[in-house]
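Shown next, in structure tokens, is the structure this report addresses.
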2 protein chains.
Amino acid sequence: MKPTIYDVARRAGVSIATVSKVINRNGKISERTREKIVHIMAEMDYFPNLVASALSSKKTNMLGLLLPDISNPYFAEMSRHMEDRAFELGYHIVICNTDNRIDKESDYLTFLQQKGVDGILLATGAAHPQSLETLSEKKLPIVLIAREVPQLPVNTVLVDDFRGGYAATEHLLQNGHRDIAIIVESIDLASSRERLQGYRAALAEQRCPYREDRVVVSDFSIRAGMEAAGMLLDGPRQPTAIFACNDLLAIGTVQAARSRGLQVPEQLSVVGFDDTFLATVIDPALTTVGQPIREIARQAVDLLHRQMTGEEQAKQRIVLLPELVVRNSTSPV
Amino acid sequence: MKPTIYDVARRAGVSIATVSKVINRNGKISERTREKIVHIMAEMDYFPNLVASALSSKKTNMLGLLLPDISNPYFAEMSRHMEDRAFELGYHIVICNTDNRIDKESDYLTFLQQKGVDGILLATGAAHPQSLETLSEKKLPIVLIAREVPQLPVNTVLVDDFRGGYAATEHLLQNGHRDIAIIVESIDLASSRERLQGYRAALAEQRCPYREDRVVVSDFSIRAGMEAAGMLLDGPRQPTAIFACNDLLAIGTVQAARSRGLQVPEQLSVVGFDDTFLATVIDPALTTVGQPIREIARQAVDLLHRQMTGEEQAKQRIVLLPELVVRNSTSPV
DNA sequence: TGATTTTGGTTAACCGTTTTCTCCAAAACG
DNA sequence: CGTTTTGGAGAAAACGGTTAACCAAAATCA
């Protein structure tokens with residue numbers, strides 16, 4: 001049987017309270033007994049039961065991470081950085097893949113609460129203010145990543161999507177493109193809408209007309225990108241450039257072009273978004289709007305941590321700046 | 001304050017034992033009281049505290065998943081399937097990125113134990129029999145994925161790496177290649193050794209000489225693949241084909257070839273291993289040894305589950321078969 | 001009708017910590 | 001030398017459930 005704090009206490013001839021105090025380094029303990037107990041713990045191969053500890057202290061040192069799909073490299077990379085940072089701070093992360101489905105999302109949310117996670121990282125959810133509201137009522141610290149719920153005061157870490165959309169489009173315009181299509185991930189996501197707004201703003205800036213039929217709403221996968229780009233390329237007039245709102249879509253776009261015998265970038269320029277490692281995997285290497293993924297992840301975990309420790313009470317909104325990374329998938333028209 | 005089982009019991013005019021029984025659907029409860037309690041629970045918005053439940057029942061419904069790096073698509077895909085299956089069975093998964101470092105691995109291992117996970121999925125670890133041994137002493141169910149520790153009787157799910165290595169090499173030989181190099185991930189991993197053995201066996205079969213200097217030991221990343229392939233390609237005699245022991249290495253190999261002006265597959269055939277989604281992302285699409293990733297994941301979780309429930313006591317070893325997927329990165333010499 | 005089984009529920013111990021008091025002896029103080 | 005501080009440790013009550021043992025009332029049986 002695994003030794004408990006009682007076994008240690010008995011062996012050391014002290015009370016469990018004393019042992020508990022040396023474990024948690026609080027309370028007054030003489031150096032002599034401290035050493036004795038530490039020694040005995042090592043000898044018995046004793047490790048505190050964290051479930052019991054959690055029950056009594058109401059801290060589990062666990063964080064819930066909700067994201068659409070960890071097999072999407074953007075989220076995989078993000079979760080990696082989060083886990084790194086969380087581990088440094090003494091937390092563990094429970095992964096929840098929601099597929100952006102509201103039912104799974106709220107299932108996980110209640111599950112995580114029951115499990116007593118200390119905080120939640122929410123990188124999913126096409127805005128479900130209701131469940132968020134009940135969460136914030138319950139005082140469970142939470143930070144939203146790359147998602148916004150304007151109605152609610154809630155901690156958020158995101159990238160300036162408007163600026164990103166603007167930068168991508170501006171880059172294409174500067175290369176002389178006038179017929180630029182855009183493939184957005186979804187219309188429910190604030191981030192998508194922002195990128196689209198950035199696109200429109202850049203067009204307007206250069207007096208390039210905005211056309212509804214140049215906007216295709218798609219999804220998160222390469223396949224979706226292929227299909228969306230296919231529609232654009234098979235239409236009556238082919239755009240000379242496509243701004244795909246994430247790297248997977250951009251890759252799908254490149255593949256769609258290739259399968260129609262179009263050269264990228266000579267005959268079609270493509271810009272992506274995210275700058276996951278995929279951007280340099282495909283050929284041509286993708287020009288893309290780079291998100292500081294690692295920075296987003298760390299900021300999110302740090303912010304959550306500060307809220308959990310009560311170090312900071314005020315809700316905040318951290319906006320990071322994206323940066324256009326020019327590679328080989330774009331060229332002058 | 002969140003309601004507890006006491007609040008529910010008081011409100012229903014019964015003892016907490018009764019409430020507990022309706023929660024867990026065990027014990028004899030009349031339909032009438034059951035309904036009343038269910039109703040009251042809903043009304044009070046009561047959810048059992050799973051930490052408390054875990055403490056007394058000694059079940060956390062959590063599984064630990066150790067893997068080298070979730071941002072590696074192979075592991076990302078695997079973890080996704082595991083999480084899916086685990087969720088179906090009522091488990092949550094805690095992710096641990098070990099970077100194949102023994103210190104992180106054992107840190108996580110003790111941490112997970114303290115947390116009281118019900119089982120461990122171990123897809124990492126260059127063989128660290130000692131910590132495994134202590135684990136199995138502690139009766140903590142565990143299954144190894146794609147890793148072997150011959151010394152110990154332990155549950156394992158893996159792919160027939162020998163056969164995979166053989167198939168890849170055979171394919172190249174059948175295409176007339178006689179100078180086939182191999183890039184292995186590591187030499188500490190049983191899976192790598194098996195693939196290498198398969199490679200050697202295929203060569204021997206076709207009376208093709210095995211040469212030490214055609215074997216390069218590398219790592220898990222694209223960069224490592226580029227470097228390893230670079231060494232081979234910059235050597236005195238270029239191989240006509242390279243078998244890279246995972247898709248990332250294969251991609252690195254393709255990039256190394258490209259950066260030297262070599263056409264794949266015309267001037268260099270490349271075979272990968274894993275068949276992650278990356279295989280179809282790059283151009284040319286990768287010929288690769290396909291692992292049934294989803295199947296591996298599900299089998300692993302199911303096996304762990306059966307062990308945890310005591311449904312199956314005997315340790316087992318499940319071997320799945322890889323299948324060569326021929327695409328466009330290989331051609332006749 | 002009395003004995004026996006079944007049904008539906010209660011009591012209380014237990015899971016392994018944390019934490020607030022309380023207590024005592026020794027040190028410091030006037 | 002009597003009195004206050006203080007340092008170090010213990011007792012016991014949480015924390016919120018699970019579960020074995022037990023029991024009263026109702027149902028069944030001969």
Side-chain angles (χ1 to χ4, degrees), chain A residues 1-38 40-41 44-62 90 110-111 113-118 138-139, chain B residues 1-38 40-41 44-62 90 110-111 113-118 138-139:
Chain A
M1 217 45 227
K2 271 198 238 161
T4 71
I5 199 172
Y6 284 94
D7 303 319
V8 175
R10 188 174 325 121
R11 182 96 155 254
V14 298
S15 73
I16 58 166
T18 306
V19 178
S20 176
K21 282 170 192 158
V22 349
I23 293 171
N24 301 298
R25 304 178 167 59
N26 58 19
K28 305 262 165 210
I29 298 290
S30 73
E31 188 56 20
R32 228 171 119 276
T33 42
R34 205 191 65 79
E35 271 178 11
K36 181 168 70 180
I37 290 174
V38 166
I40 288 182
M41 291 195 299
M44 298 179 83
D45 196 32
Y46 165 79
F47 291 95
N49 176 328
L50 295 182
V51 175
S53 166
L55 177 60
S56 119
S57 70
K58 296 180 174 315
K59 297 204 144 300
T60 55
N61 290 308
M62 288 199 326
T110 73
F111 211 163
Q113 273 178 269
Q114 289 188 253
K115 278 237 134 71
V117 293
D118 296 337
K138 285 170 189 160
K139 303 280 175 219
Chain B
M1 216 46 226
K2 272 201 235 158
T4 73
I5 198 171
Y6 286 92
D7 302 318
V8 175
R10 189 174 324 119
R11 181 98 155 250
V14 298
S15 74
I16 59 165
T18 306
V19 177
S20 177
K21 280 172 189 158
V22 349
I23 293 171
N24 301 298
R25 301 180 169 60
N26 61 16
K28 306 258 163 218
I29 298 291
S30 74
E31 187 57 20
R32 224 171 121 275
T33 41
R34 203 191 66 78
E35 271 178 11
K36 181 169 71 180
I37 291 174
V38 166
I40 289 181
M41 290 194 302
M44 299 179 80
D45 196 32
Y46 165 78
F47 290 97
N49 175 327
L50 295 182
V51 175
S53 166
L55 178 59
S56 77
S57 70
K58 295 178 176 316
K59 297 202 143 302
T60 55
N61 291 305
M62 287 199 326
T110 73
F111 211 163
Q113 273 177 270
Q114 289 188 253
K115 278 235 134 67
V117 294
D118 296 337
K138 285 173 188 158
K139 302 280 176 219

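As the structure is a computational prediction, the values presented were derived from the model and not from experiment.
Arg34(A) places its CZ atom 12 Å from the P atom of dA9(D), with the value rounded to the nearest Å. Remark: C1' of dG8(D) and CD1 of Ile37(A) are 11 Å apart, rounded to the nearest angstrom. Distance Lys28(A) NZ to dC21(C) P: 18 Å, rounded to the nearest Å. The separation between Arg10(B) atom CZ and dG16(D) atom C1' is 13 Å, rounded to whole Å. To the nearest angstrom, P of dG7(D) lies 15 Å from CD of Glu31(A). Rounded to whole Å, the distance from CD1 on Ile29(B) to P on dT6(C) is 18 Å. As rounded to whole Å, 15 Å separates atom P of dC21(C) from atom CG of Asn26(A).
A donor-acceptor distance shorter than 3.5 angstrom exists from the side chain of Lys115(B) to the backbone of Thr60(A), with no hydrogens or angles considered. Checked by atom type and distance alone, the side chain of Ser20(B) never pairs as donor or acceptor with a backbone atom of Ile16(B) at under 3.5 Å.
Two residues are said to be in side-chain contact when any heavy atoms from C-beta on lie closer than 4.5 Å; Tyr46(A) and Ile5(A) meet this criterion. With a 4.5 Å cut-off on side-chain heavy atoms, Asp7(A) and Arg10(A) count as touching. The shortest distance between side-chain heavy atoms of Thr4(A) and Asn49(A) does not fall below 4.5 Å.
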Each nucleotide of nucleotides 11-17 of chain C classed B (base within 4.0 Å of a protein heavy atom), S (only sugar-phosphate) or -, in 5' to 3' order, makes B---BBB
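A side-chain contact (heavy atoms from CB on, under 4.5 Å) with Asn61(B) is found for one member of Leu50(B), Asp118(B), Val117(B) and no other, namely Asp118(B).
Distance CG/Asn24(A) to OG/Ser57(A): 8.0 Å, rounded to 0.5 Å.
Within the nucleic acid shown, Val51(B) has no heavy atom closer than 4.0 Å to any nucleic acid atom. Within 4.0 Å (heavy atoms only), Gly116(A) reaches no atom of the nucleic acid at all.
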What does the list of N/O pairs under 3.5 Å between the protein and nucleotides 25-28 of chain D look like, with a distance for each?
none

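Minimum interatomic distance between Ile37(A) and Ala12(A) (heavy atoms only, all atoms of both residues): CG1-CB, 4.1 Å. Closest approach of Met41(B) and Val8(B) over heavy atoms only: CG-CG1, 3.8 Å.
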